Amino acid sequence: MSANHVRQALVAGVQTGLAAGIAWWLAAAVLPTDAPSYAPVAAVAVLGGGYDRLPERVRSMLGGMAIAIVLSEIAVRFLPSGVTWIAVVTAVAIVVTRLLLDDTLAVVYAGFNTPILFALGGDGWLPERGIEALIGAGTAFGLVYLVFPPRAIRYARRAIDRQVAAAVNSLRLTSAALDPAGSNAPLEADERSESIDRNSSAVNESFGFSFEVARFSPWRRHQRRAVESAWERERRLQPFLRTTTTAARAANRLAEDGPDAHLSKALDMAADLVATVGEVASLGESGQSVEAEERVRNAAREVGAHASSHCGNEQSLHMAVTELVHLVAGDARRLVRELLQDGGDSPRRPVIPASADEADDARRD
């Protein structure tokens with residue numbers, strides 16, 4: 001366990017504990033109750049899933065709570081109490097929430113709160129539990145964006161790093177599968193490359209949160225332009241990473257037929273090249289453009305030279321993999337040159353996604 005993981009766990013624990021305590025105190029001060037237990041529960045529920053899509057989680061919780069309040073109040077007025085009717089009302093809440101909001105988290109909140117409110121007999125269209133939920137969610141939201149806002153640009157760079165690391169690992173696993181002395185099975189390498197595509201939505205969510213922090217937090221607004229630049233670099237990086245994973249998948253098919261030491265080394269060198277490109281894309285090394293471009297150019301030249309000299313098998317799939325390795329080398333040189341020409345923190349065409357869905361649309365454009 002790394003020191004960074006320990007630090008992140010401690011920060012998350014302290015923030016969540018503070019949110020729970022403050023939410024309880026605020027609810028007790030506002031409402032005529034000595035035990036506003038749902039306020040800290042709501043605060044922990046909002047923060048417990050991590051920072052990604054935090055505003056969406058707040059909306060989901062409040063939307064599910066609103067449906068639970070309305071349905072439970074209607075049920076209390078027109079239905080008798082009992083286990084059977086609790087089951088019926090809960091089922092209706094699940095169906096209605098799924099049809100109206102189509103949000104899994106909202107469905108969970110509606111399904112959790114409807115039977116409780118119905119069993120308690122209802123206490124008005126705006127019950128104390130609903131007010132407590134608002135207080136808890138507002139406390140968590142304010143604590144993250146106003147009191148302890150994370151560094152937006154660090155979050156954006158971490159998203160790029162995860163994507164690059166997945167691509168590098170895919171190439172290294174495939175290299176090990178082709179290495180006569182390697183121990184990785186081809187299936188393992190192929191599964192790793194496919195996981196990169198599934199990570200794209202997580203990257204969109206991370207960038208969405210970075211933009212939200214830069215938008216909502218007065219202490220992080222100065223990072224907005226840097227996040228825009230990182231998002232533009234990530235957009236340009238995606239086609240390059242797709243090429244690398246295509247090469248890894250094609251080479252993985254060759255590994256099923258037996259080892260190939262030369263191609264294994266070419267993929268390992270390509271992995272080093274991808275890692276270097278990822279470093280430039282993550283940091284936007286505008287102040288080190290000559291050094292960064294030279295490092296990538298040298299690494300790409302070495303990859304291409306090795307592939308040309310030692311990977312000359314005439315088998316069609318082998319030739320396709322060799323060509324893809326050359327393509328990775330050429331794309332790396334071109335991509336880094338484009339990134340550094342933009343001056344690091346000066347995006348050519350900033351695109352600010354308000355949500356993961358808009359991020360997907362922006363990438364398709």
Side-chain angles (χ1 to χ4, degrees), residues 12 15-16 18-20 22-24 26-27 30-31 36-73 90 92-117 125-150 152 155 159 201-218 220-221 224 227 352-362:
Q15 278 196 339
T16 305
L18 281 174
I22 294 172
W24 180 291
L26 287 175
V30 172
L31 300 173
S37 58
Y38 200 73
V41 169
V44 173
V46 170
L47 289 178
Y51 288 154
D52 290 354
R53 306 189 72 174
L54 189 144
E56 285 84 350
R57 287 205 305 277
V58 172
R59 290 194 289 268
S60 296
M61 186 187 72
L62 297 180
M65 172 62 76
I67 291 175
I69 291 171
V70 171
L71 291 181
S72 62
E73 288 299 322
T90 302
V92 171
I94 297 293
V95 173
V96 170
T97 308
R98 188 171 293 279
L99 291 176
L100 292 181
L101 302 181
D102 193 23
D103 187 305
T104 302
L105 198 55
V107 170
V108 171
Y109 283 119
F112 172 75
N113 287 285
T114 300
I116 294 177
L117 294 175
W125 294 103
L126 192 60
E128 290 183 3
R129 187 176 293 272
I131 299 175
E132 290 179 27
L134 285 170
I135 293 174
T139 300
F141 195 86
L143 201 65
V144 170
Y145 288 105
L146 301 179
V147 183
F148 299 115
Y155 219 81
S201 61
V203 171
N204 292 341
E205 291 172 6
S206 294
F207 268 96
F209 177 71
S210 297
F211 282 117
E212 288 163 0
V213 171
R215 183 182 299 120
F216 295 134
S217 173
R220 297 292 185 240
R221 285 177 182 167
R224 182 185 180 106
V227 175
I352 305 177
S355 66
D357 292 336
E358 291 185 18
D360 288 332
D361 293 338

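Computed from a predicted structure; not experimentally measured.
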Using side chain to side chain contact (heavy atoms under 4.5 Å, CB included) as the criterion, list what pairs up with Pro40, not counting sequence neighbours.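 By the side chain to side chain contact (heavy atoms under 4.5 Å, CB included) rule, Pro40 matches Ala20, Trp24.
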Partner residues of Leu143 under the side chain to side chain contact (heavy atoms under 4.5 Å, CB included) criterion, sequence neighbours left out: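 Result, side chain to side chain contact (heavy atoms under 4.5 Å, CB included) vs Leu143: Leu18, Ala19, Ile22, Val147, Phe148.
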[X] versus [Y], closest heavy-atom pair with distance:
{"X": "Ala68", "Y": "Ala110", "value": "CB-O, 4.0 Å"}
{"X": "Pro115", "Y": "Thr90", "value": "CB-OG1, 3.4 Å"}
{"X": "Ala106", "Y": "Leu101", "value": "CB-CD1, 3.7 Å"}
{"X": "Ala93", "Y": "Thr114", "value": "CB-OG1, 3.3 Å"}
{"X": "Ala42", "Y": "Ala137", "value": "CB-N, 4.3 Å"}
{"X": "Ala140", "Y": "Ala43", "value": "CB-O, 3.8 Å"}

So, taking the atom named [atom1] in [X] and the one named [atom2] in [Y], what distance separates them when rounded to the nearest 0.5 Å?
{"X": "Ile94", "Y": "Leu99", "atom1": "CD1", "atom2": "CG", "value": "11.5 Å"}
{"X": "Phe112", "Y": "Met61", "atom1": "CZ", "atom2": "CE", "value": "11.5 Å"}
{"X": "Leu26", "Y": "Leu31", "atom1": "CG", "atom2": "CG", "value": "10.0 Å"}
{"X": "Phe211", "Y": "Arg224", "atom1": "CZ", "atom2": "CZ", "value": "8.0 Å"}

Listing request: all side chain to side chain donor-acceptor pair (under 3.5 Å) pairs with a residue in residues 97-109, at least two apart in sequence or in separate chains.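 Output for this query lists Ser60-Asp103.
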Check whether any side-chain N or O of Ser72 sits under 3.5 Å from a backbone N or O of Ile69 as a donor-acceptor pair, and report yes or no.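 Yes; judged by distance alone, with no hydrogens or angles, the pair exists.
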